[in-house]
Each structure stands twice: as C-alpha cells, then as structure tokens.
Amino acid sequence: MAKGTKRASPGAEDEKNPLTEVELSDEDAEKLRNSQRDIARVDLVVERFGQKKSAPVYERRREVVKTIPKFWPVALMNNSGFAFHVQHSADQLALSYLEDLWIERDPIEPRCYTIEFTFKENPYFTDKVLKKEFKHVPPPAAADEKPDEDGVTDSMLEFSWERDVVSSGQKINWKDADKALTKLYPRETAEDDDDVADLGSFFNFFEHDSDAFELGPIIADLFPDAIDYFLGNVGGDELDSDDDSDDDDDDAEEIDLENPRPKKQKV
C-alpha cells in the first residue's frame, strides 16, 4: 500500500508567524533602555569589585605557577585562538622562555588593561618585559560628568571597545638580525586594502600599536582560567563557538531600541 502524502492544514500558507513582527511603542522602548542602563551600571560595579577581590588571588597563583616549568607557554598554546597566531616554530621557541604573564587592570575602567609578558634570559631579545597597553580614552563630554555614589558616570555606561580604547605596543630590542622575528616574519597587508595577508610573527602583537586580530581580549579572557588551560581542561572550540553564535544571530531579528518600530494604528 502506497504511503499517503501528508496534507498541510487548510490556510497554512496564509498563516503568519505572530513572532515575526514586534510592535514597540516609544514609551516601552524608553523603559527598556533605562533597564539596560541600570543593568550596565550594576555590571560595571560588580566587575570593579570582582577585580579588586581577585587581584590578591591572582598574585598568589602567580607565585605558585612560577615554580612550574613552561606553565604560561603551555597554557597559552592550549587556547586555540591564541595558538592560531603562533604558527612559526621560531615563535614557539621564543615563547618557551616566557616565565610570567600579568594583566594589570585600569582601576577606574577595568575593561581596559595592560598585558605584560615577562621572559627569562633568552637568545632573541634583551627586553625582560614586553607590554601591550589597551588604554581607556573617555569621550570629551566625560570631563563634565559627575560620578554617582559608585563612581560610575553616564559615559561609562556607553563604553565601546572600538571607540574608547587605544592600543599601543613597544619596540623590541632584538639581539641579532637572524633572531629578529618581526623582521624575519613581518605582518603583511594586502595591496588593495588594509586586510592582513600574512599573520607573520606573533611578536608583531607587541611591536604594532594596533591589535588587528584582537589578541589582547583573547589573552585577557584566558588569564583567569590559565590553570585549566595548562591542564588541558578547557575545550578547543573557542573559534567555533563564535561562528555558531553568528549563525544564531542571523536567524533572529534585532530590535533597535533607539528607533523602535512604531506601533500600528488600528483602523
């Protein structure tokens, strides 16, 4: 007996998904914006408190891991996002001399920081410490703002990494020309635009002011979980998770609270 064909419900093609169009009044949009600001204010206060409480804990961890050979090189290379940018064997050899990594947070704006790599004596460069700073540059209007009881201003709630953060590197003092990794493996840009054609050496991260590949946030994000990365307890799908989230975002329609869809008038 042949299988029958499943019929669609009468009028199914004419049915509209009730979730595809959201009617939002100006008043409701303003309420949502105010709620967002309240949440952002609390998040910032909590983040400051968390950084203050965690600093001495990280200091104690710092002393412990200094006694463990290759702790930081192994922890970093176990992060797929970081390892992607350390593909040259010479970079990996130079990185093997890394003995300490520290994130110094801005006490006023903890979302900004300076990354410090401390190296043992090595055949590559004379610098003991290599730094990359991500400095907070508040907008001009912030100068006239008065912080609330928690030290939070309105401009802090509008913080944008792309707009309010300026990164800067440093010159690396290479010992010999045949060890100057950023010259042996320079970062190359495409001829027709500013896109990077060749990643080059990882140490370009320090010598270039810009952070074209957002390595700074990758390093800052793995810093709290460094022990788990060293032990191999963290999965290696950091890059895939970003792609998955992008796909999910494409499926959902974004509601713009600044310009909400006007409420339909009944006729």
Side-chain angles (χ1 to χ4, degrees), residues 24 28-65 72 75-76 78-79 81-82 100-117 131-168 211 214-231 233-235 237-239 241-242 244-246 248-249 252 254-258:
L24 189 65
D28 287 338
E30 181 65 22
K31 290 178 180 178
L32 291 177
R33 280 195 295 269
N34 290 336
S35 292
Q36 283 184 315
R37 293 176 68 82
D38 290 342
I39 293 170
R41 187 182 301 275
V42 172
D43 284 346
L44 182 55
V45 173
V46 170
E47 187 169 359
R48 283 181 178 175
F49 180 78
Q51 294 296 337
K52 182 178 180 180
K53 296 293 288 186
S54 62
V57 177
Y58 292 142
E59 286 283 9
R60 292 195 293 271
R61 183 189 69 179
R62 190 180 199 179
E63 297 305 313
V64 171
V65 303
W72 280 110
L76 288 169
N78 277 344
N79 177 281
F82 181 89
D100 186 40
L101 189 159
W102 189 250
I103 307 290
E104 188 66 36
R105 295 275 178 177
D106 185 322
I108 304 300
E109 181 45 80
R111 291 167 289 193
C112 299
Y113 43 78
T114 298
I115 297 174
E116 301 176 0
F117 277 41
K131 296 183 179 181
K132 182 83 168 187
E133 182 180 12
F134 295 86
K135 184 178 181 181
H136 180 226
V137 180
D144 299 324
E145 293 179 326
K146 292 184 178 180
D148 62 13
E149 64 274 12
D150 293 311
V152 177
T153 63
D154 287 340
S155 63
M156 291 178 183
L157 302 181
E158 304 295 337
F159 176 84
S160 166
W161 181 267
E162 292 76 15
R163 183 192 63 217
D164 302 332
V165 178
V166 175
S167 59
S168 60
D211 184 20
E214 298 185 349
L215 262 175
I218 290 175
I219 296 169
D221 287 346
L222 72 82
F223 180 78
D225 302 317
I227 294 176
D228 281 331
Y229 277 104
F230 176 77
L231 296 175
N233 294 335
V234 180
D237 55 357
E238 294 90 349
L239 297 178
S241 62
D242 290 341
D244 292 342
S245 63
D246 290 342
D248 292 341
D249 291 343
E254 182 176 333
I255 300 174
D256 187 353
L257 295 182
E258 296 298 333

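These numbers were taken from a predicted model, which means no experiment stands behind them.
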_Heavy atoms from other residues, nucleotides or ligands near CZ of Phe49 exceed 12 (cutoff 6.0 Å)_ = no

_With rounding to the nearest 0.5 angstrom, report the CG to CG distance, Asn78 to Leu222._
10.0 Å

*asked:* Just verifying a value: how many Å separate Glu104 CD and Ile115 CD1, rounded to the nearest 0.5 Å?
replied: 12.0 Å

*Answer yes if the ring centres of Trp72 and Phe117 are under 6.0 angstrom apart, and no otherwise.*
no

*So, for Ser155 and Ala142, which heavy atoms are closest and what is the spacing to 0.1 Å?*
OG-CB, 3.6 Å

_Residue pair Ala29 / Leu24: nearest heavy atoms and the distance that separates them_ = CB-CD2, 4.0 Å

*Rounded distance (nearest 0.5 Å) linking atom CD of Gln51 with atom CG of Asp106*: 10.5 Å

*If you look at every heavy atom in Phe223 and Leu101, which pair is closest and at what distance?*
CE1-O, 3.5 Å

*asked:* For Ala40 versus Leu157, what's the shortest heavy-atom pair and its separation?
replied: C-CD2, 3.9 Å

*Which value, rounded to the nearest 0.5 Å, describes the distance between Lys132 atom NZ and Ser168 atom OG?*
7.5 Å

*Identify, with sequence neighbours excluded, every residue that meets side-chain hydrogen bond (donor to acceptor under 3.5 Å, both in side chains) alongside Glu133.*
none

*Hey, what do you get for CE (Met156) to CG (Leu44), rounding to the nearest 0.5 Å?*
7.0 Å

_Using a strict threshold of under 4.0 Å (side-chain N to carboxylate O), is an ion pair present between Asp154 and Arg41?_
yes

*Can you name the nearest heavy-atom pair linking Pro224 to Tyr58, along with the distance?*
CB-OH, 3.2 Å

*Salt bridge present between Asp150 and Arg48 (N-O < 4.0 angstrom)*: no

*Nearest 0.5 Å, what's the CZ-CD distance between Phe134 and Glu214?*
9.5 Å

